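The model shown is predicted, which means the values in this text are computed figures rather than measured ones. We number each residue from 1, following the sequence as shown.
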Amino acid sequence: MAFSGSCRSIWRAGARTASLQEPYVAKDFPVEWIENHNSLLQIWISFATLSVWIVYAQILMSQYRRTRRPKILINQTRGQSLRARFLVSNMSQESVHIEVILVGLQSDGNEHWYLVSDWEPTQDDDQADTNRYGTFQGPLAAGSSLDIGDIRGLIAQRDAEQRDESRHKVGTGIFDENGVKCTSFEIMVVGVYSSENGVIGASRTFDINDEGAIHPHDAETSQCNKRRERKRMEGLHSRYL
């Protein structure tokens, strides 16, 4: 009996010792695993750090390109009638040199373009922002706007010039004997920006209803960044420059 009791005491003491040693084994396991896989962990940490820096660099680069990218706005002001005026604003970080301003009239599937950048304001319109040379061409400072006048004044002078040149009435304007014949028109600004190769530009289309009210066709100005838009803009620029 004494021998069996001592065996049970020894077994209990061994069980207690084993139970006390188990936590230490659990604590030592991660450290031992890290020591055995130290090289692999360093590779993964280096790769994760490099990935974070690459993402961060891409974010910085995209922000830098966005701030350096030219942006021109074309807005309608002073109502929705044919006397509404149009502003060209330079929202870029630097000045934009305006080469030409074009207006394209669309009616019955036909399109006719007018060069209006060298428009001379009439006597009843002394608010257009032409420079001392009587033209809209030239540098437009960052954050500044250019009042190019109303659509009637822009087109009326060009129609008058074409009638003088051809010595007969040219039916390419906004009106005909039945009223408003132009259904929409597009204003395109073509310029040069220091950080861009070639010409840059923006355009915006405005619709005219049967009552002669003007409404923007799109919510914002198109910056002509796509290849097809740039090709079209460069074609018009070379034709009217």
Side-chain angles (χ1 to χ4, degrees), residues 58-107 111-117 119 127-129 136-155 174 180 182-237 240:
Q58 288 180 345
I59 294 175
L60 291 178
M61 182 61 68
S62 62
Q63 291 179 348
Y64 175 77
R65 288 178 177 176
R66 185 166 56 250
T67 55
R68 295 290 297 170
R69 188 176 300 163
K71 187 171 185 178
I72 300 174
L73 301 183
I74 303 172
N75 293 320
Q76 174 185 347
T77 63
R78 298 190 184 181
Q80 299 176 344
S81 68
L82 292 174
R83 289 296 183 184
R85 306 185 71 82
F86 296 92
L87 293 180
V88 176
S89 303
N90 178 20
M91 304 306 296
S92 312
Q93 293 292 323
E94 300 178 7
S95 299
V96 173
H97 186 278
I98 295 179
E99 291 278 330
V100 295
I101 300 179
L102 302 168
V103 175
L105 301 183
Q106 289 91 27
S107 60
E111 186 177 62
H112 188 83
W113 285 90
Y114 294 83
L115 176 64
V116 301
S117 49
W119 173 59
Q127 300 176 2
D129 295 329
F136 294 129
Q137 298 182 24
L140 182 61
S144 60
S145 299
L146 185 68
D147 181 357
I148 63 173
D150 59 84
I151 189 63
R152 294 183 65 174
L154 289 170
I155 300 303
I174 301 176
V180 178
C182 177
T183 57
S184 64
F185 62 92
E186 179 182 357
I187 298 177
M188 178 179 290
V189 180
V190 183
V192 177
Y193 193 65
S194 60
S195 63
E196 296 288 330
N197 295 325
V199 294
I200 58 101
S203 67
R204 195 172 187 182
T205 300
F206 299 86
D207 297 326
I208 305 178
N209 60 21
D210 295 336
E211 288 75 26
I214 300 176
H215 303 275
H217 184 76
D218 299 311
E220 58 183 4
T221 305
S222 174
Q223 297 304 311
C224 299
N225 294 325
K226 298 180 180 179
R227 183 176 181 180
R228 179 175 57 84
E229 295 174 339
R230 278 184 172 271
K231 187 175 181 180
R232 174 174 175 261
M233 178 185 63
E234 291 174 354
L236 291 171
H237 174 263
Y240 291 99

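- Side chains of Q106 and T183: a donor-acceptor N/O pair is absent below 3.5 angstrom, by distance only.
- A ring-centre distance under 6.0 Å is found for F86 and F185.
- Two residues are said to be in side-chain contact when any heavy atoms from C-beta on lie closer than 4.5 Å; M188 and R232 meet this criterion.
- Listed by chain and residue number, R68 satisfy the salt bridge (Lys or Arg N to Asp or Glu O under 4.0 Å) test with E94 (two or more places apart in sequence, or in another chain).
- Taking the side-chain hydrogen bond (donor to acceptor under 3.5 Å, both in side chains) definition, one finds that H215 meets it with nothing, sequence neighbours left out.
- Counting only heavy atoms from C-beta outward, the side chains of R83 and R78 never approach each other to under 4.5 Å.
- Judged as a side-chain hydrogen bond (donor to acceptor under 3.5 Å, both in side chains), and not counting sequence neighbours, T205 has no contacts.
- Qualifying salt bridge (Lys or Arg N to Asp or Glu O under 4.0 Å) partners for R230, counting only residues two or more places apart in sequence or in other chains: E196.
- Partners of Y193 by ring-ring contact (aromatic ring centres under 6.0 Å, His included), not counting sequence neighbours: none found.
- Salt-bridge check for R204 with D218: failed, with every basic side-chain N at 4.0 Å or more from each acidic carboxylate O.
- Residues that satisfy the side chain to side chain contact (heavy atoms under 4.5 Å, CB included) test with S222, not counting sequence neighbours, are S203, E229.
- Using a 4.5 Å cut-off on side-chain heavy atoms (C-beta onward), V199 and M233 make contact.
- Atom CG of L87 is separated from atom CD of Q76 by 10.5 Å, given to the nearest 0.5 angstrom.
- Side-chain contact between T221 and I72: absent, with no pair of heavy atoms (C-beta onward) separated by less than 4.5 Å.
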